[in-house]
There are 2 protein chains.
Amino acid sequence: MLSNLTDHIKKFIELSDADIELIRLAVTVKSVKKKVFLLEPNHICKDIYFVSKGCLRLYFINKKLNEQITQFAIENWWLSDYFGLESGKPSNYYIQAVENSEIISISKNKLEELFEKVPRLERYFRIVQQRAFTAAQKRIEYIYSLSDEERYRHFSSLFPEFMQRIPQYMLASYLGFTPQFMSKIRAKKI
Amino acid sequence: MLSNLTDHIKKFIELSDADIELIRLAVTVKSVKKKVFLLEPNHICKDIYFVSKGCLRLYFINKKLNEQITQFAIENWWLSDYFGLESGKPSNYYIQAVENSEIISISKNKLEELFEKVPRLERYFRIVQQRAFTAAQKRIEYIYSLSDEERYRHFSSLFPEFMQRIPQYMLASYLGFTPQFMSKIRAKKI
DNA sequence: CTGTTTTCTTAATCTTGATTCATTTTTTGA
DNA sequence: TCAAAAAATGAATCAAGATTAAGAAAACAG
């Protein structure tokens, strides 16, 4: 549903019907089944993704050959490998659907064209990026000021519904510890 | 020097002389002595800061009553407590000059006015925020995929000149470990 | 200069969470 | 519907880095 995106944009800037039509022409709306990859390592990342429904994860394989999740995106969040997108170099990341999802994608090129036609979108994305940066900073702050166990409890108190949606091992990966350790602290709680 | 800022902006968008004059009227350029605070906890953060010369750090006091540095800003970087800036709530952070510095500051309100007069600046700040977000994500990736010792060596190979500029204990804080541990790995190296 | 504060180093002990390996439970798909 | 794969749990051992407590070396101010 394109309206999920345009409604989100309207929270920050005004959009005319003509603007919405230009957005419609620039983006691609698609259904993505659980486990499908939108990006894989060694591919060039060309798109940014808006989650209209469902959930995506961004991860890479670390030195110990484990999946390391660095970002989730749920409804109304954007996700991309911005580093790959800007550099044009082959990506190191996977972007994968965690649930059956509805994704709105737009290529870097189409987005640049759209910025020329609807310059106020620069403002929307400035705000989106600023919020993303602020959230990333908060996360770094928690990593450095809470123990793993505290971070788990903090996360589960903030996002109890999200915890129901994803496998535990993915949350352990996102929080930076092992599934075994997660089992241990969960057992402790009861 | 205002030109440090306008030159930086010109790397991303075009600026007319009139635009530059509008920027000049909106910002404040000031010299800040080492150890001076630009923001302290329980104060409302109203400004964002551009480092024209020198170095700033952003930190908070964690539960163990230690300083925890979450960001540095050197020449051509912006720094603020964006969370406090957007929420209008009292800050939890210190922003302090690490060296005698020249800082260009602009208040949130003045910046909003400036966006109305020079809308292309939204683009500049969109790009700045996107880069900041990408850097923060990279940092999270390193935190989760490298040991503390590896992260120290990685950082010192990437930014050898910066290491000379700041006390070791600040770098230890930024990297998330103790000065004692840092001494240990430095001693190991020789 | 010279006393004081700040920064850095060393070493012993302690803790958190990783690793390894085995088992159980849940989910999935043919 | 049931076999196979995926996910979660449990326990024993191990390691990276914290903590504590000195003391040494630099930097700084009067």
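Each chain gets a letter, A, B and so on, in the order its sequence line appears, and its residues count up from 1.
Of the residues in residues 159-177 of chain A, those with a non-hydrogen atom less than 4.0 angstrom from any atom of DNA chain D are A/P167, A/Q168, A/Y169.
The list of salt bridge (charged side-chain N to carboxylate O under 4.0 Å, His left out) pairs with a residue in residues 30-58 of chain B, not counting sequence neighbours, reads B/R57-B/E67.
Atom OH in B/Y152 sits about 14 Å away from atom P in D/dG17, given to the nearest Å. If you measure from atom CD1 of B/I185 to atom P of C/dA11, you get 16 Å, rounded to the nearest angstrom. Spacing between atom CD1 of A/I143 and atom C1' of C/dG17 amounts to 15 Å, rounded to whole angstrom units. Computed from coordinates, the B/N62 CG to D/dA18 P distance equals 12 Å when rounded to whole Å. In this structure, NZ of B/K184 is placed 10 Å from C1' of C/dA12, rounded to the nearest angstrom.
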**Request:** Give the C-alpha distance, both sets of side-chain angles, the deciding distance and a yes or no for salt bridge (Lys or Arg N to Asp or Glu O under 4.0 Å) between A/K108 and A/E86.
**Result:** CA-CA 9 Å; A/K108 179 179 151 73; A/E86 290 307 321; 3.4 Å; yes
**Item:** Steps toward salt bridge (Lys or Arg N to Asp or Glu O under 4.0 Å) verdict (B/K63, A/E141)
**Value:** CA-CA 12 Å; B/K63 279 196 228 158; A/E141 186 179 323; over 6 Å; no
**Verdict with reasoning, A/I103 to A/V51, per side-chain contact (heavy atoms from CB on, under 4.5 Å)** = CA-CA 5 Å; A/I103 303 300; A/V51 180; 4.1 Å; yes
**Worked check of side-chain contact (heavy atoms from CB on, under 4.5 Å) between A/Y94 and A/L39** = CA-CA 5 Å; A/Y94 296 88; A/L39 176 67; over 6 Å; no
**Message:** I'd like to know whether B/Y174 forms a ring pair (Phe, Tyr, Trp, His ring centres under 6.0 Å) with B/Y59, so could you lay out the CA-CA distance, the side-chain angles of the two residues, the decisive distance to 0.1 Å, and finally the verdict.
**Reply:** CA-CA 9 Å; B/Y174 178 77; B/Y59 69 93; over 10 Å; no
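Donor-acceptor pairing under 3.5 Å is lacking for the side chains of A/S145 and B/N62.
Side-chain proximity of A/P179 to the nucleotides C/dT10, C/dG17, D/dT9 is greatest for D/dT9.
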**Message:** Walk along nucleotides 21-30 of chain C from 5' to 3' and tag each nucleotide B, S or - by protein heavy-atom contact under 4.0 Å, base first, then sugar-phosphate.
**Reply:** B------S--
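At D/dA8, none of the side-chain N or O atoms of A/R186 fall inside 4.0 Å of OP1 or OP2 (strictly under the cut-off).
Ring geometry for A/Y124 against A/W78 counts as perpendicular: the plane angle is over 60°, on a 0 to 90° scale with 30° as the lower cut.
Among the protein residues, B/T178 comes within range of the nucleic acid bases, having at least one heavy atom under 4.0 Å from a base atom.
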